Protein chains: 2
Amino acid sequence: MEHRIDRIKKQLHAQSYKLTPQREATVRVLLEREEDHLSAEDVYLLVKEKSPEIGLATVYRTLELLSELKIVDKINFGDGVSRYDLRKEGAEHFHHHLVCIECGSVEEIIDDLLEDVERIVEKDWGFRVKDHRLTFHGVCKQCQDVAVKTK
Amino acid sequence: MEHRIDRIKKQLHAQSYKLTPQREATVRVLLEREEDHLSAEDVYLLVKEKSPEIGLATVYRTLELLSELKIVDKINFGDGVSRYDLRKEGAEHFHHHLVCIECGSVEEIIDDLLEDVERIVEKDWGFRVKDHRLTFHGVCKQCQDVAVKTK
DNA sequence: TGTTTTATTGATAAGAATTATTATATTATA
DNA sequence: TATAATATAATAATTCTTATCAATAAAACA
């Protein structure tokens, strides 16, 4: 944890931003809840538990900043709010998501499954790929099992 | 054009919705600007040119309805507005996008490049894929050419 | 056909998410 | 330490979208 905070601190410094206490508190929440996909409001409420004096606008600003520096990815699952997701350490690409249309759960896939596809895009469309985002919508294993049982 | 309107009319009727003049006007705009990725506001302004009496709420309602019936896909490129994109005729899946980070242009890829990837997801994660959305971020051909010239 | 029900619409209010503003506080720098 | 630059909290303002509601149009039915 401390190691990753340090890394992020350096990334900020490299662009002459400071890791203020508020920013650190925000990053800590993101690290602690790495598996989740928190909205700005979610992050705000969690940060507030430990740093009650923080303001919502600061959280928004911090998330925006982290997003610009590619420390977090801003994603949107179509529910009206942006969600913020830490990049895996050293990950060059965004990771993928499996969104269950039954229960709404979101699983992550870290594997880069798109190397072949990217090659095709670069070759056939002349498009130089820098990043990608891939989301599958469908039914997760749990919901499939439930469906079988209740038959 | 008329053929596609007819098809959409049938899809609406199948769910006992009517193709009202307002809905038809909205669909016509979507068909005319099929290559674009219009926001609700964009659609509203374009529909208004030919049917000045239409209300913004009706356009939102129509787009929502078309979205539910999978006639259009509601997409989000992270600029704060939802955009609406007609599905290609008979397309089972969402098509993909190439978003240029230099000029902001959005190209479409109709090919289903993900068959292999979907097989892996179904097999390794037990996730039954119903749909997917894939967006590549990078530099389009035009911007690459410009970059070379201005060197 | 006339009447009743239902669906749809337009105008606008309400809501939610996000951004802008402003005064204050903190930090860095001369 | 004084001064300038950054960052912050509180909150106002904005933007996008949805809900409400009265009016209208269409459909169903007697």
Side-chain angles (χ1 to χ4, degrees), chain A residues 8-29 37-69 71-85, chain B residues 8-9 11-30 37-69 71-85:
Chain A
I8 289 169
K9 190 171 182 174
K10 278 181 192 133
Q11 288 177 270
L12 284 167
H13 285 167
Q15 311 280 331
S16 52
Y17 292 108
K18 288 168 271 188
L19 186 65
T20 63
Q22 291 89 341
R23 286 176 184 164
E24 183 171 336
T26 305
V27 168
R28 280 185 190 278
V29 163
H37 299 85
L38 304 172
S39 68
E41 187 80 27
D42 294 338
V43 174
Y44 171 62
L45 292 174
L46 289 166
V47 176
K48 233 172 148 45
E49 287 176 9
K50 295 187 179 166
S51 310
E53 74 294 347
I54 202 166
L56 177 57
T58 300
V59 172
Y60 269 103
R61 272 186 303 245
T62 301
L63 292 171
E64 192 56 37
L65 177 62
L66 294 173
S67 191
E68 270 167 33
L69 300 187
I71 293 165
V72 310
D73 285 300
K74 190 173 178 178
I75 50 179
N76 194 299
F77 292 131
D79 59 352
V81 294
S82 293
R83 296 178 178 280
Y84 299 85
D85 211 0
Chain B
I8 290 168
K9 190 173 184 174
Q11 286 176 271
L12 284 167
H13 285 167
Q15 312 279 331
S16 52
Y17 291 109
K18 287 168 274 187
L19 185 65
T20 63
Q22 290 89 340
R23 286 175 185 164
E24 184 173 334
T26 305
V27 168
R28 279 185 189 277
V29 163
L30 292 174
H37 299 84
L38 303 173
S39 68
E41 187 81 25
D42 294 337
V43 175
Y44 172 62
L45 292 175
L46 288 166
V47 176
K48 232 171 150 43
E49 288 177 9
K50 293 186 180 167
S51 310
E53 74 294 347
I54 202 165
L56 178 58
T58 300
V59 171
Y60 269 103
R61 273 186 301 242
T62 301
L63 292 171
E64 192 56 37
L65 177 62
L66 295 173
S67 191
E68 271 167 33
L69 300 187
I71 294 166
V72 309
D73 285 300
K74 192 174 176 177
I75 50 178
N76 195 298
F77 292 130
D79 58 352
V81 293
S82 293
R83 297 179 178 278
Y84 299 86
D85 213 359

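None of the values given here were measured: they were computed from a predicted structure.
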Which nucleotide, in any strand shown, forms a Watson-Crick or G-U wobble pair with D:dT6, with both distances under 3.5 Å?
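Base-paired to C:dA25.
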Using whole Å, report how far [atom1] of [X] lies from [atom2] of [N].
X       : N      : atom1 : atom2 : result
B:Leu19 : D:dA26 : CG    : C1'   : 14 Å
A:Leu63 : D:dT8  : CG    : P     : 12 Å
B:Leu56 : D:dT20 : CG    : C1'   : 15 Å
B:Leu66 : C:dT8  : CG    : P     : 13 Å
B:Tyr17 : C:dT8  : OH    : C1'   : 12 Å
B:Leu65 : C:dT8  : CG    : C1'   : 11 Å
B:Glu68 : D:dT18 : CD    : P     : 11 Å
A:Arg83 : C:dA16 : CZ    : C1'   : 14 Å

Pairs meeting criterion salt bridge (charged side-chain N to carboxylate O under 4.0 Å, His left out) with involvement of residues 11-28 of chain A, two or more places apart
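Residue pairs passing salt bridge (charged side-chain N to carboxylate O under 4.0 Å, His left out), neighbours aside: A:Glu2-A:Arg28, A:Glu24-A:Arg28.
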Report the residues that fulfil side-chain contact (heavy atoms from CB on, under 4.5 Å) with [X], sequence neighbours left out, ordered by chain and then residue number.
X       : answer
B:Arg61 : B:Ala57, B:Thr58
B:Gln15 : B:Tyr17, B:Leu69
A:Asp85 : A:His37, A:Ile75, A:His95, A:His97, A:Glu108
A:Lys74 : A:Glu64, A:Ser67, A:Ser82, A:Tyr84

Any side-chain N or O of [X] under 4.0 Å from OP1/OP2 of [N]?
X       : N      : answer
A:Tyr60 : C:dT18 : yes
B:Ser82 : D:dT17 : yes
B:Thr20 : D:dA25 : no
B:Thr58 : C:dT9  : no
B:Gln22 : C:dG10 : yes

In sequence, state the C-alpha distance, the side-chain angles, and the governing distance for A:Val43 and A:Thr62, and then conclude on side chain to side chain contact (heavy atoms under 4.5 Å, CB included).
CA-CA 11 Å; A:Val43 174; A:Thr62 301; over 6 Å; no
Going by side chain to side chain donor-acceptor pair (under 3.5 Å), name the residues that satisfy it together with [X], two or more places apart in sequence or in a different chain.
X       : result
A:Lys48 : A:Tyr44
A:Tyr60 : none
B:Ser39 : B:Asp42

Mind checking salt bridge (Lys or Arg N to Asp or Glu O under 4.0 Å) for A:Lys50 and listing every partner two or more places apart, or none if nothing turns up?
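Testing A:Lys50 for salt bridge (Lys or Arg N to Asp or Glu O under 4.0 Å), a comparison that skips the adjacent residues, returns A:Glu32.
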Interface with DNA chain C, restricted to residues 41-52 of chain A and to heavy atoms under 4.0 Å
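Nucleic-acid contacts, sorted: none.
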I need the residues from residues 71-79 of chain B with at least one non-hydrogen atom less than 4.0 Å from DNA chain C; give them sorted by number, or say none.
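When residues 71-79 of chain B is checked for heavy atoms under 4.0 Å from DNA chain C, there are no hits whatsoever.
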Are the side chains of B:Leu63 and B:Leu30 in contact, using a 4.5 Å heavy-atom criterion?
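Yes. Closest side-chain heavy atoms under 4.5 Å.
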Is any side-chain heavy atom of B:Gln11 less than 4.5 Å from a side-chain heavy atom of B:Ile8?
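B:Gln11 reaches B:Ile8 side chain to side chain.
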Produce a footprint string for nucleotides 20-30 of chain C: one letter per nucleotide, 5' end first; B if the base is under 4.0 Å from any protein heavy atom, S if only the sugar-phosphate is, - if neither.
BB---------
